[in-house]
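Taking it in order: structure first as structure tokens, then the write-up.
Just the heavy atoms: all of them, side chains too, but no hydrogens, waters or symmetry mates, feed the values below. Along the sequence shown, residues are numbered consecutively beginning with 1.
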Amino acid sequence: SVMGALAKADGRVTGDEIDLVEQAIDEFDFIPDQRRLAIELFNKGKDPNFDIWGTIQQFKKQCPRSRSLHKTFLEIQLQLALSDGELHPNELNMLQRMAHLFGISVTEFSAMLARVKQTYSRRHHPEQESTADTLQAAYRVLGVNPGDSDDEVKRAYRRCMNQHHPDKLVARGL
């Protein structure tokens, strides 16, 4: 439902935003009843009377000590907000407020936003990025440096994959 509210924040829900929500639903491999519920909740979130902040507070209360889950939740919202190619000021305002509610610093939020923007740009404008840029971006996403050992890079990659695996997210309540 939060995704529905965020998608509607700029005044309209685009096909790109709907596609991203459907892709997320597919990644979680929902059974038909869960899929229907997810779509219903997304549509509920688009209602102007939807209490997004109460919903986020409830989510935070249900997962009080799960900082990584809060960050993953926010990252998914960032992906949604950028899925149509632009970040509307209303969307940015909502995302910054979410980050604040989750205790995510301005610096951390800015890094997350930059990472998601870079991923969006690579997917939709691959011709604008050189191989060196791509490699540097990969190091930044993993949180490692070019001089780090292969073992350190592998550990960072596995940690990132583990943190974002759909089964793990479902198990943590997302």
Side-chain angles (χ1 to χ4, degrees), residues 1-28 30 35 37-126 128-129 133 136-138 140-143 160 163-164 166 168-170 172-174:
S1 49
V2 171
M3 292 179 89
L6 183 62
K8 189 71 173 178
D10 62 359
R12 65 186 182 92
V13 178
T14 67
D16 291 324
E17 290 166 330
I18 292 170
D19 289 346
L20 188 125
V21 171
E22 288 179 351
Q23 179 184 356
I25 289 170
D26 289 344
E27 282 183 31
F28 284 106
F30 288 156
R35 182 179 181 80
L37 178 60
I39 292 168
E40 183 181 310
L41 289 172
F42 177 79
N43 289 329
K44 179 181 175 185
K46 295 187 300 184
D47 186 310
N49 297 318
F50 173 68
D51 180 14
I52 184 173
W53 305 114
T55 302
I56 290 174
Q57 288 290 1
Q58 180 183 1
F59 172 68
K60 184 180 174 188
K61 191 181 289 185
Q62 289 175 339
C63 310
R65 295 190 187 107
S66 188
R67 184 164 172 73
S68 64
L69 183 59
H70 296 160
K71 288 174 70 173
T72 301
F73 176 85
L74 183 60
E75 191 169 311
I76 291 168
Q77 306 313 309
L78 282 163
Q79 291 171 6
L80 176 69
L82 288 165
S83 67
D84 60 2
E86 64 178 301
L87 185 59
H88 189 275
N90 290 348
E91 292 171 325
L92 179 59
N93 185 356
M94 289 175 75
L95 292 163
Q96 289 171 327
R97 187 170 172 192
M98 282 181 213
H100 178 74
L101 287 172
F102 287 133
I104 295 170
S105 72
V106 172
T107 304
E108 246 181 319
F109 176 78
S110 296
M112 289 173 71
L113 179 58
R115 190 170 49 246
V116 173
K117 279 183 176 179
Q118 193 163 33
T119 301
Y120 175 86
S121 180
R122 273 199 320 271
R123 281 190 188 136
H124 298 281
H125 305 288
Q128 294 177 357
E129 196 165 46
D133 290 339
Q136 290 303 315
R140 278 193 300 277
V141 166
L142 293 175
C160 190
Q163 180 182 10
H164 291 89
K168 297 275 184 165
L169 297 175
V170 168
R172 286 184 271 166
L174 185 63

Nearest 0.5 Å please: distance from the [atom1] atom of [X] over to the [atom2] atom of [Y].
X: Lys60; Y: Ser66; atom1: NZ; atom2: OG; value: 12.5 Å
X: Leu82; Y: Gln77; atom1: CG; atom2: CD; value: 11.5 Å
X: Gln96; Y: Leu74; atom1: CD; atom2: CG; value: 10.5 Å
X: Ile39; Y: Glu22; atom1: CD1; atom2: CD; value: 6.5 Å
X: Lys117; Y: Ser110; atom1: NZ; atom2: OG; value: 9.0 Å

Are side-chain heavy atoms of [X] and [Y] found at a separation under 4.5 Å?
X: Leu113; Y: Leu95; answer: no
X: Asn90; Y: Asp10; answer: no
X: Phe50; Y: Lys8; answer: no
X: Phe42; Y: Ile25; answer: no
X: Arg115; Y: Leu78; answer: no
X: Leu6; Y: Glu17; answer: no

Quiz item: Charged N to carboxylate O below 4.0 Å: is that the case for Glu108 and Arg67?
Solution: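 Yes, charged N to carboxylate O under 4.0 Å.
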
Quiz item: According to the interplanar angle, ranging from 0 to 90°, do the rings of Phe102 and Phe59 count as parallel (below 30°), tilted (30 to 60°) or perpendicular (above 60°)?
Solution: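 Ring orientation, 0 to 90° scale: perpendicular.
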
Quiz prompt | Audit row: Asp26, Arg35, side-chain contact (heavy atoms from CB on, under 4.5 Å) steps and yes/no | solution = CA-CA 8 Å; Asp26 289 344; Arg35 182 179 181 80; 2.9 Å; yes

Quiz item: So, for Glu91 and Ala81, which heavy atoms are closest and what is the spacing to 0.1 Å?
Solution: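 Shortest heavy-atom contact: OE1-O, 3.5 Å.
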
Quiz item: Would you say the side-chain atoms of His70 pair up with the backbone N or O of Leu101, donor to acceptor, closer than 3.5 Å?
Solution: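 No, because the side chain of His70 does not come within donor-acceptor range (under 3.5 Å) of the backbone of Leu101.
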
